[in-house]
Amino acid sequence: MKKIIFTEKAPAPIGPYNQAVLAGNTLYTSGQIALNPETGALVTESIEAETLQVMQNIKAVLDAAGMTFENVVKATIFIMDMNDFGNINTVYASYFNEKIAPARETVQVACLPKNVNVEISMIAIL
């Protein structure tokens, strides 16, 4: 059985998907971009600010499911420019204990929704 996870503290879905789905003890988050959930505006003043908003959006979804970043077992990062990897990684790393950090891949893509520079999704378990 699956349970839909929704919080107003993260951007609302704009299509036929949900912020996250809990299936058994596994949470699958949709990709988050740097939309401020309070204003609906994109945060784009720097790649660090953009990544911070993405991580805050994911944190809100994890919180709504009763989880934290310690529950995350897998992350996928899509970026527009691999040259931004170091700056994205610095912000991303601040949310994890390196000794128990999740598995991850980072992929450069041709385009992301709303022409953002980074999108991140995660899988977490209870």
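Taking each heavy atom of Val91 and Ser94 in turn, the nearest pair found is O-OG, 2.6 Å. Taking both residues in full, the closest heavy atoms of Glu119 and Gly31 are given as OE2-CA, 3.3 Å, listed atom of the first, atom of the second, then distance.
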Enumerate donor-acceptor pairs with a distance under 3.5 Å from any side-chain N or O in residues 3-23 to protein atoms, sequence neighbours excluded.
residue, atom, partner, partner atom, Å
Thr7, OG1, Lys9, N, 3.1
Tyr17, OH, Ile14, N, 3.3
Gln19, OE1, Thr7, N, 2.6
Gln19, NE2, Thr7, O, 2.9
Gln19, NE2, Ala10, O, 3.2
Gln19, NE2, Pro11, O, 2.9

Please tabulate, for side-chain N and O atoms in residues 54-69, each donor-acceptor pair with protein atoms closer than 3.5 Å (sequence neighbours left out).
residue, atom, partner, partner atom, Å
Gln56, OE1, Tyr95, OH, 2.7
Asn57, OD1, Gln53, NE2, 2.9
Asn57, ND2, Ile33, O, 2.9
Asn57, ND2, Leu35, O, 3.1
Asn57, ND2, Gln53, O, 3.4
Lys59, NZ, Asp63, OD2, 3.1
Thr68, OG1, Glu70, N, 3.1

Could you check Thr106 against Ile79 for side chain to side chain contact (heavy atoms under 4.5 Å, CB included), going step by step and ending with a plain yes or no? CA-CA 7 Å; Thr106 303; Ile79 61 177; 3.9 Å; yes
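Within the 4.5 Å cutoff, side-chain heavy atoms of Ile123 are placed close to those of Thr26. Using a 4.5 Å cut-off on side-chain heavy atoms (C-beta onward), Ile120 and Gln32 make no contact.
At a threshold of 4.5 Å between side-chain heavy atoms, the hydrophobic network of Ile, Leu, Val, Met, Phe, Trp and Tyr places Leu112 and Ile88 in two separate groups. Under the 4.5 Å side-chain contact rule for hydrophobic residues, Ile125 and Tyr28 share a cluster. Hydrophobic clustering of Ile, Leu, Val, Met, Phe, Trp and Tyr side chains at less than 4.5 Å, counting indirect connections, keeps Met80 apart from Phe85. Clustering ILVMFWY residues whenever any of their side-chain heavy atoms sit less than 4.5 angstrom apart, transitively, puts Val107 in the very cluster that holds Val116. Under a hydrophobic-cluster definition in which Ile, Leu, Val, Met, Phe, Trp and Tyr are linked whenever side-chain heavy atoms come within less than 4.5 Å, directly or via other members, Val118 and Leu42 are assigned to different clusters.
Shown here are the side-chain contact (heavy atoms from CB on, under 4.5 Å) partners of Glu45, two or more places apart in sequence or in another chain: Val43, Ala49.
In this structure, Arg104 forms a cation-pi arrangement with Tyr92, its terminal cationic atom sitting closer than 6.0 Å to the ring centre and no more than 45° off the ring axis.
The distance from the CD atom of Glu50 to the OG1 atom of Thr44 is 6.5 Å, given to the nearest 0.5 Å. Note that CG of Asp81 is 10.5 Å distant from CG of Asn87, once rounded to the nearest 0.5 Å.
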